[in-house]
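The structure appears right after this line, and notes come after that.
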Amino acid sequence: MLDPKLVRESPDLVRTAIARKHLTVDLEAVLAVDTAWRAQLQEVEQLRATQKAANSAMAALPKGSPEFVAKVQEMKAVSAQVKERDATLKVTEDKFREAMLGLPNLPHASVPDGAGPDDNVVHATHGDVNAASPHALPHWEIPGFERLFDFGRGAKVTGAGFPFYIGDGARLVRALLSFFLDEDAKAGYVEVNPPIFVNAASATATGQLPDKEGQMYETTPDHLYAVPTAEVPLTNFFRDEILEEAALPVKRCAYTPCFRREAGSYGKDVRGLNRLHQFDKVELLKWVHPATSYDELEKLRADAERLLQKLELPYRVLLMCGGDLGFAQSKKYDLEVWGAGQKRWLEVSSCSNFEAFQSRRAQIRFRSRESGKPELVHTLNGSGLAVPRVLAALLENNLQADGRVRLPAALVPHFGKEYVSF
RNA sequence: GGAGAGGUGGCAGAGUGGUCGAAUGCGCCUGACUCGAAAUCAGGUGAGCCCGCAAGGGUUCCGGGGGUUCGAAUCCCUCCCUCUCCGCCA
């Protein structure tokens, strides 16, 4: 959510931001609701002031006295009026909130212009894509793939997109998670093991609700939501709290399975491990002082990149353009790993600065040393990393002539051996 | 899952229909005292929103929501959570 004062006082800024994100929002309607809301609020508050004054006066009067009785009669009318106007106000307030929630976050000045994915800027490329294994295959075509990653039985037991990981497949998942968490801990992120179901209030604070409920799995009869990412429980950890400035930046990481219903499917994008309804991911989260959030974004990106470097995987960093930025982000980098078999870039991390967009909605603040007053923190998050696509890239890029997969040195201690056999 | 108790400011803890954003204590901040500190004394010390250039004014918030009433922290309904005991259980 944006600062209502900013919208009110600098609507042109917001208009420009909406245009840069290539979204269409009726800002005039938002401003009109705002004006109406404030007028109604003032009216109700004035009536309440009348009530309170009468209250104090009545407290000093003898209960049964004629003055008292007269006052009661008089205030009955005011009371009825308050009730009526307050009901109207609440309706307007809901509209106002809804309108505010419909406004996207402002892109940062350093975000390039562009309409969509084709306009993203390649910020950096690491590793040699052309030096890929001559034996590379799309991972789902590797002989014996289904023995380690059983999609058929997963579909029988649960549904498409819920594979079983078996033997070295399961062991690889565990090794990657262990590697990620250990590395993230070294970078100063405190490991958290959060709940993987969240309530509606939490899903609302991070923006999954009210618009995207179709993308989450919901439980009955308790109406909890299976987390689409650890970002949701992690960000909500400090919801409605005021942190000490000295505690910032707070850095945490969490592994959770992630559950996504993903309404549409996109042909070859969904083959093999590329796109699943359930997958494993380690998420990095930071709560930072507003003055430092863009430095912190660069550090966050570096922390995620280091993981790919240690895994010796070729990857590139995309700086997302305005049109591909996403609703809530001010600035975002995507990390894409090279799948030598598919000959495609696979997104494995998305590192974003949300500025105060999430923290305003979630009311996460810190007490400013300077002013002594609470201020909103900036929140950042990024994957560190998503397992299945990293796994896919490892399998494809490191496939040997003998059909085995050789693992990078960094992973060997976690996996316990150097080769994966199918 | 069953029975009981309870949710009040940073913490502890009063308040059971009116002048209560809320006593008191602790904590914290400022000042006095001191070479400095402790102790002591005095004062201050919640968050949000609206109006206002500001000074300031108004209003909301006592777990959430709804109701009764001229008026609710206080009465009623409902949901959530915590604690104690019992049951079940990885």
Side-chain angles (χ1 to χ4, degrees), chain A residues 1-10 30-101 103 193 195-205 209-210 219-225 233 236-248 257 356 358-377:
Chain A
M1 192 165 84
L2 290 173
D3 184 354
K5 287 194 187 85
L6 177 79
V7 178
R8 201 171 291 151
E9 289 160 16
S10 314
V30 178
L31 292 170
V33 175
D34 177 50
T35 307
W37 170 66
R38 283 184 294 159
Q40 290 175 18
L41 179 67
Q42 280 175 58
E43 196 183 3
V44 169
E45 290 193 345
Q46 209 160 8
L47 286 168
R48 289 233 169 86
T50 312
Q51 270 187 316
K52 284 184 80 167
N55 237 326
S56 306
M58 288 169 76
L61 290 171
K63 271 270 160 60
S65 69
E67 298 98 318
F68 189 93
V69 174
K71 222 46 168 157
V72 168
Q73 286 313 309
E74 188 190 331
M75 292 321 290
K76 269 188 182 177
V78 176
S79 182
Q81 209 178 1
V82 167
K83 213 167 190 174
E84 180 204 319
R85 299 291 163 87
D86 196 46
T88 314
L89 176 66
K90 270 189 180 150
V91 172
T92 310
E93 218 159 43
D94 286 348
K95 277 190 203 154
F96 174 62
R97 182 172 165 74
E98 198 183 324
M100 284 306 303
L101 289 177
L103 296 178
N193 192 329
I196 61 167
F197 292 99
V198 294
N199 56 32
S202 294
T204 304
L209 294 180
T219 67
T220 11
D222 300 304
H223 299 291
L224 297 174
Y225 298 88
N236 276 282
F237 185 89
F238 291 121
R239 175 152 54 88
D240 299 322
E241 294 191 27
I242 300 173
L243 307 171
E244 287 307 317
E245 182 173 340
L248 301 180
Q358 285 185 328
S359 57
R360 183 171 293 106
R361 203 160 166 161
Q363 283 299 300
I364 304 169
R365 294 172 291 173
F366 70 99
R367 191 168 298 281
S368 164
R369 264 190 296 241
E370 199 181 333
S371 68
K373 291 283 168 193
E375 290 178 29
L376 295 165
V377 300

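Every heavy atom of this structure was used, including side-chain atoms; hydrogens, water molecules and symmetry mates were not. Within every chain, numbering begins at 1; the chains are lettered A, B, ... in the order of the sequence lines, protein sequences first and strands thereafter. No experiment lies behind these values; they were computed from the predicted model shown.
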Inset, instruction - Begin from the C-alpha positions of A/Arg365 and A/Glu375 and carry the test salt bridge (charged side-chain N to carboxylate O under 4.0 Å, His left out) through to its verdict. - result: CA-CA 5 Å; A/Arg365 294 172 291 173; A/Glu375 290 178 29; over 6 Å; no
Watson-Crick or G-U wobble partner of [N], both distances under 3.5 Å:
N     : answer
B/A38 : none
B/G87 : none
B/A54 : none
B/U69 : none
B/U74 : none
B/G25 : B/C11
B/U59 : B/G48
B/G6  : B/C81

Inset, instruction - Report yes if a donor N or O on one partner sits less than 3.5 Å from an acceptor N or O on the other, where the partners are the side chain of A/Gln51 and the base of B/G71; otherwise report no. - result: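 Donor-acceptor pair under 3.5 Å: no.
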Inset, instruction - Check if the side chain of A/Lys52 and the base of B/G58 share a donor-acceptor pair of N or O atoms closer than 3.5 Å. - result: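 No, no donor-acceptor pair under 3.5 Å.
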In whole angstrom, give me the gap between the [atom1] atoms of [N] and [M].
N     : M     : atom1 : value
B/G21 : B/U45 : C1'   : 14 Å
B/A55 : B/A73 : C1'   : 33 Å
B/G13 : B/G17 : P     : 23 Å
B/U74 : B/U16 : P     : 12 Å
B/A22 : B/U34 : P     : 37 Å
B/C62 : B/C11 : C1'   : 16 Å
B/C29 : B/G15 : C1'   : 28 Å
B/G25 : B/C77 : C1'   : 36 Å

When we call it a touch if two heavy atoms are under 4.0 Å apart, what does [X] touch: a base, just sugar-phosphate, or nothing?
X       : value
A/Pro4  : nothing
A/Lys83 : sugar-phosphate
A/Ser79 : sugar-phosphate
A/Lys76 : sugar-phosphate
A/Ala60 : nothing

Can you tell me the distance, in whole Å, between the [atom1] atom of [X] and the [atom2] atom of [N]?
X        : N     : atom1 : atom2 : value
A/Lys71  : B/U19 : NZ    : C1'   : 14 Å
A/Arg360 : B/A47 : CZ    : C1'   : 16 Å
A/Glu93  : B/G48 : CD    : P     : 17 Å
A/Glu244 : B/G27 : CD    : C1'   : 13 Å
A/Leu47  : B/G58 : CG    : P     : 16 Å

Inset, instruction - To the nearest 0.5 angstrom, please state how far the CD1 atom of A/Ile364 sits from the CG atom of A/Leu376. - result: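 Rounded to the nearest 0.5 Å, the CD1-CG separation comes to 9.0 Å.
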Out of [options], which nucleotide sits closest to the side chain of [X]?
X       : options             : result
A/Lys90 : B/C50, B/G66, B/G18 : B/G66
A/Val72 : B/C51, B/C70, B/C49 : B/C70
A/Gln42 : B/G58, B/G18, B/C51 : B/C51
A/Ala49 : B/U59, B/C50, B/C70 : B/U59

Residue-phosphate contact under 4.0 Å: [X] side-chain N/O, [N] OP1/OP2:
X        : N     : answer
A/Arg48  : B/G58 : no
A/Arg365 : B/G48 : yes
A/Arg38  : B/C49 : no

Legend entry - Residues A/Asp3 and A/Arg8 bridged, charged N to O under 4.0 Å: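 A salt bridge is absent here (no side-chain N lies under 4.0 Å from a carboxylate O).
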Legend entry - Short N-O contact, A/Lys90 and A/Asp94, less than 4.0 angstrom: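 No, no charged N to carboxylate O under 4.0 Å.
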Inset, instruction - Would you name the heavy atoms of A/Ala205 and A/Arg239 that are closest together and state the gap between them? - result: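 Taking every non-hydrogen atom into account, CB-CD, 3.8 Å.
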Inset, instruction - Specify the closest pair of heavy atoms between A/Ala200 and A/Tyr225, including all atoms of both residues, with the distance to one decimal. - result: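 For A/Ala200 and A/Tyr225, the tightest heavy-atom pair comes out as CA-CE1, 4.0 Å.
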Inset, instruction - Please answer whether the main-chain N or O of A/Leu61 pairs with a side-chain N or O of A/Ser65 as donor and acceptor at a distance below 3.5 Å. - result: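 Absent.
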Inset, instruction - On RNA chain B, check which nucleotide each of A/Phe68 and A/Val44 is closest to and give me the residue with the more 5' one. - result: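 Taking each residue's closest nucleotide, the earlier one in sequence belongs to A/Phe68.
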Inset, instruction - Starting from the 5' end of RNA chain B, give me the residue, A/Lys63 or A/Arg8, whose nearest nucleotide shows up first. - result: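 Checking each residue's closest nucleotide, the 5'-ward one belongs to A/Lys63.
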Inset, instruction - Return yes if a side-chain donor-acceptor contact under 3.5 Å exists between A/Thr219 and A/Asp222, otherwise no. - result: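 Per modelled atom types, A/Thr219 and A/Asp222 side chains form no pair under 3.5 Å.
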